[in-house]
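A, B, ... follow the sequence lines: proteins, then strands. Residue 1 opens every chain.
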Number of protein chains: 2
Amino acid sequence: MLSRAVRIFGAFDPENPALTLTEISRRACLPLATTGRMVDELVRHGLLQRDARRYVRIGVRMWELAQRASPTLDLREAAMPFMEDAQAVVGHSTQLGVLDGEEVLFVERLSAPGAVVNITKIAGRLPLHASSAGLVLLAHAPAELQDRILTRPLPAMTPDTITDPAMLRATLAEVRQRGCAFCPGHIHPDATGIAVPVRGAGDRVVAALGFVVPNDEQAWWRTGLLQATARGIGRRLGAGAATVTRPSP
Amino acid sequence: MLSRAVRIFGAFDPENPALTLTEISRRACLPLATTGRMVDELVRHGLLQRDARRYVRIGVRMWELAQRASPTLDLREAAMPFMEDAQAVVGHSTQLGVLDGEEVLFVERLSAPGAVVNITKIAGRLPLHASSAGLVLLAHAPAELQDRILTRPLPAMTPDTITDPAMLRATLAEVRQRGCAFCPGHIHPDATGIAVPVRGAGDRVVAALGFVVPNDEQAWWRTGLLQATARGIGRRLGAGAATVTRPSP
DNA sequence: ATCACACTCCCATTCAATGGGAATCGCATT
DNA sequence: AATGCGATTCCCATTGAATGGGAGTGTGAT
């Protein structure tokens with residue numbers, strides 16, 4: 001069954017890119033025999049591979065297939081030049097995230113030596129309510145998703161994380177109105193996250209662009225640059241133009 | 001069954017990153033009903049996704065998982081700075097390929113406007129016997145694989161492609177001895193491919209680095225630069241050091 | 001209005017995945 | 001050497017889940 005295989009893939013995370021069969025079985029909550037059989041088969045197909053120590057890793061085929069996952073690729077390609085410029089000016093961390101499921105998935109991240117602490121990784125995830133990029137994406141997400149998040153418990157990562165649903169709802173309205181999310185110390189006491197929406201074709205919000213800077217200084221200064229950068233990316237993605245679905249007759 | 005799902009993934013190629021359900025069913029040779037059911041399930045898991053027109057694409061989850069496929073990632077990361085330097089000097093195309101199955105899989109490729117014609121793509125594949133990178137990888141591959149290739153038919157891409165097994169065997173010996181493969185017009189009449197091995201930990205050949213240049217000029221000039229670049233990459237990968245498997249006591 | 005194409009749904013059949021446990025392997029410690 | 005632990009593979013009777021042909025629905029083009 002397929003969900004079995006997906007559970008196996010899900011056993012890998014950025015901190016554990018190589019696992020032993022037994023570990024996979026434990027993490028995926030699958031019987032060892034089944035795990036073994038499936039891993040063998042996945043290896044045969046190249047979706048997984050075993051290294052010298054027989055540890056299991058994600059296979060090359062997966063990478064090859066991922067190169068056809070254009071939505072993300074287009075976005076990264078359009079964004080990179082702009083992000084590099086912004087990063088050169090700010091000098092801490094610049095990151096680009098998209099909404100996936102009920103989390104932010106970061107598709108690109110630039111950093112500098114000496115930058116303030118930042119737990120984000122490329123292909124890493126953060127909860128929507130706790131990160132600046134998450135707030136931006138949630139604020140522009142369908143009401144249905146917002147409701148779902150608002151009725152769930154909101155785990156705190158620091159004392160400053162938003163954990164009260166009413167407060168979150170108010171913040172989302174503010175983010176929509178200001179066009180910018182500001183999260184001093186929500187994830188780490190020493191860091192401030194700032195994020196703005198990136199609008200693609202049809203002016204829909206397709207991603208969030210953010211900085212992580214120290215939370216002592218006046219981080220607000222940065223929002224202007226962030227907004228200009230997001231606009232640049234958006235233009236490259238066709239913002240302002242009509243939706244692609246159908247060229248008008 | 002898993003091979004069903006893999007067949008579905010295999011229906012996507014660099015030229016067709018978005019397919020309709022029926023097309024997938026045709027390409028994968030699977031009954032439409034089965035294809036539909038499986039695509040739905042794969043979409044639910046994020047391995048596939050549907051765009052506005054309900055076309056099916058590879059999903060973000062696939063990309064996310066691929067980020068943990070470190071072998072390729074390490075290699076690209078180590079190689080990129082060197083490749084950029086080499087590319088700046090030569091100005092046509094620079095590419096990096098690994099052996100996967102019975103083909104070369106290109107993991108990185110730099111090009112320039114005005115470069116000579118080059119059919120390689122990132123995450124694209126070429127047969128081992130026809131490309132310079134393929135010859136390098138095959139020349140250093142286990143005898144078992146060489147035999148398998150030598151007993152298969154060798155399809156020609158141009159009149160200059162090597163199609164005779166004896167000729168191929170001789171060429172492989174030459175590549176091993178010279179440390180360099182040279183393929184004028186083997187893939188396209190106007191282009192010459194040159195490639196050298198990249199040696200990683202334990203001096204095993206882990207990749208092939210190549211240029212594609214016009215085949216009229218003295219392409220040989222370029223082999224020096226190519227070899228130096230490959231050495232640089234190799235050093236970054238730990239060439240010269242003992243194999244990682246076991247530190248000597 | 002009609003056609004062509006893309007897709008979804010249904011359901012009886014059947015075949016292939018399942019997983020507990022025993023056997024094996026390989027490494028490390030005593 | 002001997003022992004032990006953890007990882008892995010193998011086996012096989014059971015069962016339940018995937019299968020796919022074809023009918024039915026929807027959408028867009030002529």
Side-chain angles (χ1 to χ4, degrees), chain A residues 1-13 15-59 68 70-71 202 242-249, chain B residues 1-13 15-59 68 70 201-202 242-249:
Chain A
M1 218 233 222
L2 271 178
S3 53
R4 298 307 231 280
V6 176
R7 299 268 286 285
I8 291 181
F9 292 144
F12 297 88
D13 61 50
E15 279 76 34
N16 307 70
L19 298 171
T20 171
L21 189 55
T22 316
E23 273 174 322
I24 297 177
S25 142
R26 257 199 299 274
R27 287 164 157 262
C29 299
L30 292 174
L32 186 55
T34 310
T35 311
R37 222 173 331 107
M38 295 196 78
V39 167
D40 276 354
E41 189 160 2
L42 290 168
V43 168
R44 217 168 302 130
H45 290 301
L47 294 179
L48 295 179
Q49 65 190 69
R50 310 190 91 131
D51 66 15
R53 275 162 267 170
R54 289 190 50 76
Y55 276 47
V56 182
R57 309 177 145 276
I58 300 288
R68 342 263 214 248
S70 39
T243 317
V244 217
T245 329
R246 184 124 274 282
S248 40
Chain B
M1 220 232 219
L2 272 177
S3 52
R4 298 307 231 283
V6 176
R7 298 266 286 286
I8 292 182
F9 292 143
F12 297 88
D13 62 49
E15 279 76 34
N16 306 71
L19 299 170
T20 170
L21 189 56
T22 316
E23 273 174 321
I24 297 178
S25 141
R26 256 197 301 272
R27 287 163 158 262
C29 299
L30 292 173
L32 186 56
T34 311
T35 311
R37 222 172 332 107
M38 293 196 81
V39 167
D40 276 353
E41 188 160 1
L42 290 168
V43 167
R44 217 168 303 127
H45 290 301
L47 294 178
L48 295 178
Q49 65 190 68
R50 309 189 93 130
D51 67 15
R53 274 164 270 169
R54 289 190 53 74
Y55 276 47
V56 182
R57 309 178 145 274
I58 300 288
R68 343 264 215 242
S70 37
T243 318
V244 217
T245 330
R246 186 125 271 282
S248 41

**Complete:** Of C/dT8, C/dA6, D/dT8, the nucleotide closest to the side chain of A/R50 is D/dT8

**Complete:** note: A/Y55, atom OH; D/dT8, atom C1'; distance rounded to Å ~ 14 Å

**Item:** Whole-Å gap separating P (D/dT8) and CD1 (A/I8)
**Value:** 13 Å

Can you give each donor-acceptor pair under 3.5 Å made by side-chain atoms of residues 25-39 of chain A, sequence neighbours left out, with the distance rounded to 0.1 Å?
{"from": "A/S25", "atom 1": "OG", "to": "A/L30", "atom 2": "O", "distance (Å)": "3.0"}
{"from": "A/R27", "atom 1": "NH1", "to": "A/A11", "atom 2": "O", "distance (Å)": "2.8"}
{"from": "A/R27", "atom 1": "NH1", "to": "A/D13", "atom 2": "OD2", "distance (Å)": "3.3"}
{"from": "A/R27", "atom 1": "NH2", "to": "A/N16", "atom 2": "OD1", "distance (Å)": "3.3"}
{"from": "A/T35", "atom 1": "OG1", "to": "A/P31", "atom 2": "O", "distance (Å)": "2.9"}

**Request:** Grab the CG-P distance between A/L30 and C/dG19 for me, whole Å please.
**Result:** 8 Å

**Request:** Would you kindly give the CG-to-P distance between A/L21 and C/dC25, to the nearest whole Å?
**Result:** 17 Å

List, with names and distances, any nitrogen or oxygen atoms from the protein found under 3.5 Å away from nitrogen or oxygen atoms belonging to nucleotides 9-18 of chain C.
{"from": "C/dT18", "atom 1": "OP2", "to": "A/R37", "atom 2": "NH1", "distance (Å)": "3.0"}

**Asked** Going by heavy atoms in the side chains, are B/V56 and B/L42 under 4.5 Å from each other?
**Response** no

**Prompt:** Once you round it to whole Å, what is the distance between C1' of C/dA28 and CZ of A/R53?
**Reply:** 17 Å

**Item:** Spacing between A/E23 atom CD and D/dC5 atom C1', to the nearest angstrom
**Value:** 15 Å

**Prompt:** Nearest 0.5 Å, what's the CG-CZ distance between B/L2 and A/R4?
**Reply:** 11.0 Å

**Asked** Does B/T22 place a side-chain N or O at less than 4.0 Å from the phosphate oxygens OP1/OP2 of C/dC7?
**Response** yes

**Item:** Reported CG-to-OH distance for the pair A/L19 and A/Y55, which is rounded to 0.5 angstrom
**Value:** 9.0 Å

**From OG (A/S3) to CZ (B/R44), nearest 0.5 Å** = 9.5 Å

**Message:** Rounding to an integer number of Å, can you tell me how far A/R44 CZ sits from D/dT9 C1'?
**Reply:** 13 Å

**Bend angle of the helix from C/dA1-D/dT30 to C/dT30-D/dA1, from helix axes over five pairs at each end, nearest 10°** = 50°

**Complete:** A/F9 and A/I58 have their tightest heavy-atom pair at CD2-CD1, 4.4 Å

**Asked** According to a strict under-4.0 Å criterion, is A/R54 in side-chain N/O contact with OP1 or OP2 of C/dC27?
**Response** no

**Request:** Test B/L48 against B/F12 for side-chain contact (heavy atoms from CB on, under 4.5 Å), laying out the working first.
**Result:** CA-CA 11 Å; B/L48 295 178; B/F12 297 88; 4.0 Å; yes

**Prompt:** Once you round it to whole Å, what is the distance between P of C/dG19 and CZ of A/R26?
**Reply:** 18 Å

